[in-house]
Amino acid sequence: MFMMGCGNNGNKTQEKAGALGSNAAEKVYVAPGEHDEFYAFLSGGYSGNVTVYGLPSGRMLKEIPVFSQFPTSGYGYSEETKPMLNTSHGFIPWDDSHHPDISQTNGELDGRFIFINGNNTPRIAKIDLSVFETTEIIEIPNSAGNHSSSFVTENTEYVVAGTRFSVPVPQVDMPINEYKGKFKGALSFISVDPEHGHMDLKFQIIMPGFNYDLSHPGRGNSHGWFFFSTYNTEEASTLLEVNASQNDKDFIAAINWKKIEEYVNNGGGKKMPANYAHNVYDESTHNATSTMKKEVLVVDPTEVPGAVYLLPTPKSPHGCDVSPDGEYIIGSGKLSADLTVHSFTNMLKAIEDKKFDGEAYGIPIMNYDDVVAGVVKSGGLGPLHTEFDAKGNAYTTFFISSEVVKWKLGTWEVIDRKPTYYSVGHLMVPGGNSRKPFGKYLIAMNKITKDRYLPTGPELEHSVQLYDISGEKMELLSDFPSHGEPHYAAGCPADLLKPKSKKFYKMEENKHPYAIKAPQDAKVVREGSNVHIYMSTIRSHFTPDNIEGIKVGDNVYFHITNHEQDFDVPHGFAMIGANTSEILVMPGQTKTITWQPKQVGVWPFYCTDFCSALHQEMQGYIRVSPQNSDIKLSWSLDGE
Amino acid sequence: MKKHKILMMVGSLLLLLLFAFPLWNITLEAPQYPTPLGMDIYINKFEDMHPHDIKNINLMNHYVGMKYIPETIPEFKIFPVVIAVMVILGVFIGLKANYKWYLIWFILMLVLGIAGMYDFYLWEYNYGHDLDPKAIMKFTNPDGSIMGFQPPLFGSKDILNFKAHSYPRLGAYGMFFGMFLTFIAYLLGKKEAKKVKSN
């Protein structure tokens with residue numbers, strides 16, 4: 001009960017009176033035809049997706065499937081997108097998506113890509129913000145519970161993937177109680193091609209077997225460093241609730257990735273056999289390919305002196321957030337009441353003076369007192385995550401006491417606190433993980449909804465709360481539900497996305513191997529028991545629409561090319577009895593779905609996306625004959 | 001060189017703008033097209049205002065049985081020749097001929113222009129009235145006659161859910177201004193001739 005957060009009721013009535021007395025409704029109103037000022041990308045947690053919300057309206061604008069099959073569009077069902085979900089364990093149509101982060105240039109959001117981690121089967125995905133579609137997924141070997149991920153460096157040089165669970169590296173059949181000293185934690189640095197955004201696992205740092213919880217990049221002076229919070233520095237392997245909570249202090253690991261990059265570029269590190277999938281969606285062929293990579297470069301941190309340090313931080317720190325100027329690293333002990341703020345300058349000074357307090361597996365441990373810049377005595381319970389505004393203020397969520405606390409960087413004084421409903425996890429200020437936060441709004445993502453909507457029991461969509469943080473005091477503006485269990489979010493001004501937005505795919509650029517360039521090229525081709533239907537859609541008909549000569553036991557491939565070239569005119573395609581999903585084909589795109597007819601008869605297909613006044617007429621039939629039938633393939637073209 | 005001769009030549013040379021800029025434009029506005037659909041008409045081609053506009057106009061128009069806007073029409077062969085001849089003729093007249101020829105050139109151009117507009121009207125009429133009898137949607141006027149979908153020759157007009165705009169573009173303005181200059185050239189030439197006489 002304690003952990004679920006109580007004691008809200010007193011505050012709640014107060015808050016309501018406050019909100020009623022203000023013009024909160026006006027502040028979240030976005031008039032018809034106008035755009036929201038900010039776009040927020042919320043991780044969907046166990047839904048495996050990302051949802052796009054407008055701020056301040058709180059309207060959900062799109063659901064982007066990332067690690068999940070998504071029948072709405074056919075993602076993960078269509079032949080083209082199935083390879084996106086390939087892993088070394090085979091096809092995995094689900095994951096637990098946690099921390100989205102928008103690409104940066106010079107420490108500021110550039111609106112090109114969003115990266116997000118798959119927590120369960122370690123993966124990092126890239127979403128292209130010109131189309132709001134997942135275009136790349138890379139699996140992370142030697143890793144498990146990819147949690148301290150996926151944050152980007154100042155120029156998107158790297159996306160990181162830190163393992164929450166340490167595991168044997170390489171994997172081996174061994175007793176679990178020999179965990180201590182034998183299990184390892186891999187911190188992966190995935191380089192991002194500046195031009196195309198293509199990801200490549202450049203190196204992995206093989207760290208001691210702690211649990212790596214969250215991370216953030218340095219910026220400004222601390223650019224070139226990455227900070228990871230850890231728990232279970234006890235290296236316990238049973239009943240972690242107790243056994244991983246024994247040490248008074250765990251660590252924030254400070255990694256000088258530039259130093260390691262240099263070491264690697266000079267031939268350092270060791271190539272190690274691995275097996276992981278790299279899945280890339282090509283926007284011109286409209287096809288994803290999955291390549292299995294067989295090798296990974298691993299780095300032993302003790303072989304790169306001066307690259308890794310451990311900063312003691314009380315107690316089981318969760319959040320690990322870096323201030324916009326890169327000076328402060330905020331560690332929130334989720335079992336502590338206080339926030340510990342480390343100073344990057346102090347850390348460098350202590351390193352220079354070689355002032356250490358021992359080592360762990362050869363990695364120097366700093367003196368707590370040498371690196372701490374200050375402590376925020378908040379009186380809240382269970383601090384988790386911190387974001388920033390542009391005026392030198394920080395905002396921290398407190399899970400147990402269910403609140404957001406505003407405090408000042410440098411003086412560490414608490415300025416304001418507001419309740420959340422209920423049990424808040426992450427919070428997000430657009431640009432909060434960059435040099436330039438847009439400190440107008442803050443959203444708090446709650447783990448529990450309770451009575452914010454009709455108190456319909458076992459599970460409600462979780463609740464997000466929007467605060468106006470432009471003034472000295474925070475003001476709660478609205479609630480809106482989110483999908484799945486949102487963990488972190490990333491947000492940016494809509495104006496950053498608008499110039500890059502793609503309205504449709506150009507037909508002349510469609511290089512899909514089964515695309516047809518015009519409806520008159522439609523055809524049906526039999527290759528043994530495989531039948532390929534090259535089909536065109538345009539308002540409001542399929543070409544061809546009636547097909548005969550299909551037999552029970554055939555493998556029918558519908559290759560649908562949408563010949564529209566207009567803003568937002570997808571056509572859908574659904575076949576009765578197909579053991580997949582529909583597909584939604586965007587203008588200029590080709591998608592393929594399969595069907596294995598099992599029963600003779602005449603079976604209809606139709607368009608699933610309302611496309612015009614004659615949408616209902618957009619349909620056709622397939623005649624299915626017995627396997628031994630000699631009915632020739634035939635089809636009708638545009639009424640002929 | 002005399003001012004009226006220069007004006008005559010510049011005036012006729014302005015017709016050359018027609019080779020680079022559109023003559024006319026038809027734009028269709030409707031709520032479901034946040035960016036309106038539009039077509040620029042040159043002396044030798046139709047062109048999309050935004051990529052794929054003509055394709056989208058065709059797609060939309062087929063519901064009421066209108067024909068697809070053709071890739072090319074015979075006029076696209078004739079118009080450039082006519083304009084080229086008129087430019088050469090105009091420059092030649094400016095250089096060599098008596099001011100009275102300016103007026104003849106002007107009247108000839110006016111006649112050709114009117115003929116061109118009339119041809120455009122016929123084309124629009126045919127495009128808007130020669131409907132496929134199997135059209136998906138059939139609309140009738142209040143008097144029971146079959147509704148046409150002819151865009152306006154000049155100006156703006158409501159056609160079902162669309163507002164159609166039909167206006168000249170830079171090429172046409174160049175031509176109008178050029179013709180105006182040749183007429184001024186004629187008046188100047190005439191004035192000068194009078195002066196010479198009275199002297």
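Each chain gets a letter, A, B and so on, in the order the sequences are listed, and its residues count up from 1.
B:Met137 touches chain A through its side chain: at least one heavy atom from C-beta onward sits under 4.5 Å away, while N, CA, C and O do not.
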Exercise for the section: Decide yes or no on side chain to side chain donor-acceptor pair (under 3.5 Å) for B:Tyr167 and B:Ser156, but give the supporting numbers first. Expected result: CA-CA 8 Å; B:Tyr167 291 100; B:Ser156 300; 3.0 Å; yes

Handout entry: side-chain contact (heavy atoms from CB on, under 4.5 Å) between B:Asn126 and B:Leu122, worked out
Key = CA-CA 6 Å; B:Asn126 183 50; B:Leu122 285 182; over 6 Å; no

Practice task
Please test B:His4 against B:Tyr99 for side chain to side chain donor-acceptor pair (under 3.5 Å), starting from the C-alpha separation and ending with a verdict.
Solution key: CA-CA 8 Å; B:His4 60 86; B:Tyr99 74 92; over 6 Å; no

Are there donor-acceptor pairs under 3.5 Å across chain B and chain A? List atom names and distances.
from, atom 1, to, atom 2, distance (Å)
B:His52, NE2, A:Gln565, OE1, 3.1
B:Lys55, NZ, A:His563, O, 2.5
B:Asn56, ND2, A:Gln565, O, 3.1
B:Tyr63, OH, A:Ser540, OG, 2.7
B:Tyr63, OH, A:Ser612, OG, 3.0

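Remark: aromatic rings of B:Trp123 and B:Phe46 are close, center separation under 6.0 Å. Between A:Phe542 and A:Phe573, the ring centre distance stays below 6.0 Å.
Within the 4.5 Å cutoff, no side-chain heavy atoms of B:Thr140 are placed close to those of B:Met147.
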